[in-house]
Amino acid sequence: MDAIRGSTAPPTPHYPSHTIVVSGSEFGYARRTATQGSDTMTRPPNILILMVDQMAGTLCPDGPADFLHAPNLKALTARALRFANAYTPSPLCVPARASFMTGLLPSRTGVYDNAAEFPAALPTFAHHLRRAGYRTVLSGKMHFVGPDQLHGFEERLTTDIYPADFGWTPDYRNPAERVDWWYHNMGSVTGAGVAEISNQLEFDDEVAFHGEAEIHRLARGRGRQPWCLTVSFTHPHDPYVARQRFWDLYEDCPALSPTVPAIPYEAQDPHGKRLLDANDFRKYDITPDHVARARRAYFANISYLDEKIGRLLDALQRCGMADDTVVLFCSDHGDMLGERGLWFKMSFFEGSARVPLMLAAPGLSPARIDTPASLLDVLPTLADLAGIELDNSAEPLDGESLLPLARGAPRRNPVPMEYAAEGSHAPMISLRDGRFKLNHCDLDPPQLFDLDADPNERTNLAEDPAHADRLADLTARIHARWDLQRFDTEVRQSQSRRLIVYEALRQGHYRPWDHQPAPNAADRFMRNHMDLNVVEEEARFP
């Protein structure tokens, strides 16, 4: 590393050569070679990450549910490892994505909520891959907060859809306060329906366009270096608004009503009540028609995304790179979609906490994996696939590679989740261990669910004497892993610091941190400092 810092030239990429045995098949990286000078180097695989926002994993128990019109995702399912019980590290965009990129829980990244700064010193999968010689590119949403808007990506093709400053900071000092200008409210449900264009549709149209264009650019430069392209959409995140042709696909959809009917406010658990209050539910009269329209638009937007994803996968195929590319599909968290009367995320219930997670790679046998998994596992898995040996002295990870699970190995530790953002009054913890899940908060009674016997989480086993030992064991694991009083103090201190800084920075001249893509027109198409013959030859593929 010292040699890298002391050199003015970039280090020569080292392409590791090794083989991983998965499900009885060999996944070899000697598929292609690149030549640099007189050295021939074995190339690791390219990586295409397809990320969506707020797509419930409960709709993808083994790929998209039958009623979903998602032919491209279903085709991916047929050749992928499907992790049927995958979870978000935190059921909220910013902390989930920071953990997805670092393999660390929010309590270790310091990214607690949707206005918490992502520290530039934390290594991400983009850093690790780039350091190993990959080109790393992002098109779309990652909701980085703070002045670093790249976090290891060499290039970012679009701006983000959400702000990069501290304006959305919650305040545990005022637990009853509701910040209307940025908190979710039920208007997303009552306003559900059809639109030709919206803020989100405009964003995702641009994300897909730039993602496909980048695949074409990567094809033109094929052989120079391996690449990791992340294309990250904002749908099917609310507001629940869809284009007509996708809306029409779900006229007779059998899933327009929730499985678990709305639970009255008085009968909700304490956190459910907090979420209803945070979402300003008293100002809205939610009818069954509102619920059906919101769910219909949500499903329609999954079909919209499926079409975009299909174009990206088709471009990969047409450019001859499909056989050398790992494809990872996931969401940052889920959506309750009216189950129990709850909406959006911010909850450890399955609709909010479960995510789709699929991994397809040349030589990797498709299978359904029921062992619990996490987005925390993405970084070590990508490193494993790329042949990168992680330096755990830098930051021991909370995730673990998914490849051993594909071989049938047991998970080393339960899957952890944390939540310490709007709608909570103190940090919340959840552990998924085998078939059981324990939700814990120092302010609330515990919740213990047997997800095999009770997938809809109707029966809390925490007070059942037959499960007292299991409750005690999982509770002890939580207290052994987390100092919840310290966690609470650190969250409050972070909130207080950010609220002061945000108020100060909004005085006088405001310099936003939002990413500003800056394409250089002087280097595009044909210019007079270029040789026309070279331009035409290099721009053509094949």
Side-chain angles (χ1 to χ4, degrees), residues 57-58 61 81-92 95-96 99-100 102-109 271 330 332-334 347-357 368-381 384 392 395-420 427-442 444-455 457 459-462 464 466-484 486-487:
T58 50
L81 289 174
R82 292 95 62 195
F83 295 90
N85 294 295
Y87 288 87
T88 181
S90 185
L92 194 67
S99 293
F100 159 74
T102 62
L104 303 172
L105 284 162
S107 58
R108 299 182 64 203
T109 64
H271 186 59
C330 67
D332 54 353
H333 51 74
S347 166
F348 291 143
F349 286 123
E350 293 288 278
S352 166
R354 278 256 300 280
V355 295
L357 179 60
R368 170 175 167 153
I369 310 296
D370 289 327
T371 304
S374 171
L375 294 183
L376 293 164
D377 304 332
V378 168
L379 186 154
T381 302
D384 212 348
N392 283 330
E395 200 80 45
L397 301 179
D398 292 311
E400 54 193 77
S401 175
L402 295 169
L403 297 188
L405 299 187
R407 297 194 295 267
R411 189 173 187 90
R412 295 197 303 268
N413 295 296
V415 168
M417 290 184 280
E418 300 175 348
Y419 187 72
M428 302 168 61
I429 305 296
S430 182
L431 285 181
R432 171 75 195 262
D433 185 30
R435 62 190 290 173
F436 291 93
K437 181 171 70 175
L438 175 64
N439 301 331
H440 177 93
C441 177
D442 282 351
D444 304 332
Q447 294 175 318
L448 178 66
F449 298 106
D450 179 346
L451 294 173
D452 283 358
D454 180 27
E457 300 169 289
T459 304
N460 182 3
L461 301 174
D464 185 342
H467 292 276
D469 289 345
R470 187 174 305 279
L471 174 65
D473 174 63
L474 290 174
T475 302
R477 292 194 193 195
I478 285 174
H479 288 299
R481 182 166 187 166
W482 286 274
D483 181 338
L484 291 175
R486 178 181 175 181
F487 191 178

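Hydrogens, waters and symmetry mates play no part in the numbers below; they use all other heavy atoms, side chains included.
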Trainee: Checking S107 now: which residues fulfil side-chain contact (heavy atoms from CB on, under 4.5 Å) with it, not counting sequence neighbours?
Mentor: L105, E418, W482, F487

Trainee: Under the side-chain contact (heavy atoms from CB on, under 4.5 Å) rule, collect the residues that match up with P372, sequence neighbours excluded.
Mentor: V415, R432

Trainee: List the residues meeting salt bridge (charged side-chain N to carboxylate O under 4.0 Å, His left out) with D464, not counting sequence neighbours, and say none if there are none.
Mentor: none

Trainee: Run the side-chain contact (heavy atoms from CB on, under 4.5 Å) test against P446 and tell me which residues pass, sequence neighbours left out.
Mentor: L438, A462, L471

Trainee: Would you please test H467 and F436 for ring-ring contact (aromatic ring centres under 6.0 Å, His included) and show each step?
Mentor: CA-CA 11 Å; H467 292 276; F436 291 93; 5.7 Å; yes

Trainee: Under the side-chain hydrogen bond (donor to acceptor under 3.5 Å, both in side chains) rule, collect the residues that match up with D433, sequence neighbours excluded.
Mentor: none

Trainee: Hey, are the side chains of R411 and D377 touching, using non-hydrogen atoms and a 4.5 Å cut-off?
Mentor: yes

Trainee: For R481, check salt bridge (charged side-chain N to carboxylate O under 4.0 Å, His left out) against everything at least two apart and list the hits.
Mentor: D398

Trainee: Under the side-chain hydrogen bond (donor to acceptor under 3.5 Å, both in side chains) test, which residues partner D454, sequence neighbours left out?
Mentor: none

Trainee: Mind checking side-chain hydrogen bond (donor to acceptor under 3.5 Å, both in side chains) for R477 and listing every partner two or more places apart, or none if nothing turns up?
Mentor: D473

Trainee: Partners of D452 by salt bridge (charged side-chain N to carboxylate O under 4.0 Å, His left out), sequence neighbours excluded?
Mentor: R435

Trainee: How would you list, by chain and number, every residue that makes a side-chain hydrogen bond (donor to acceptor under 3.5 Å, both in side chains) with S401, sequence neighbours excluded?
Mentor: D384

Trainee: Using the side-chain contact (heavy atoms from CB on, under 4.5 Å) criterion, which residues pair with S99? Sequence neighbours excluded.
Mentor: P89, P106, L376

Trainee: Applying salt bridge (charged side-chain N to carboxylate O under 4.0 Å, His left out), can you list everything that pairs with E457, at least two apart in sequence or on another chain?
Mentor: K437

Trainee: With side-chain contact (heavy atoms from CB on, under 4.5 Å) as the test, would you mind laying out the steps for L357 and L402 before giving the verdict?
Mentor: CA-CA 11 Å; L357 179 60; L402 295 169; 3.9 Å; yes

Trainee: Heavy atoms, side chains only, cut-off 4.5 Å: are C330 and V378 in contact?
Mentor: no

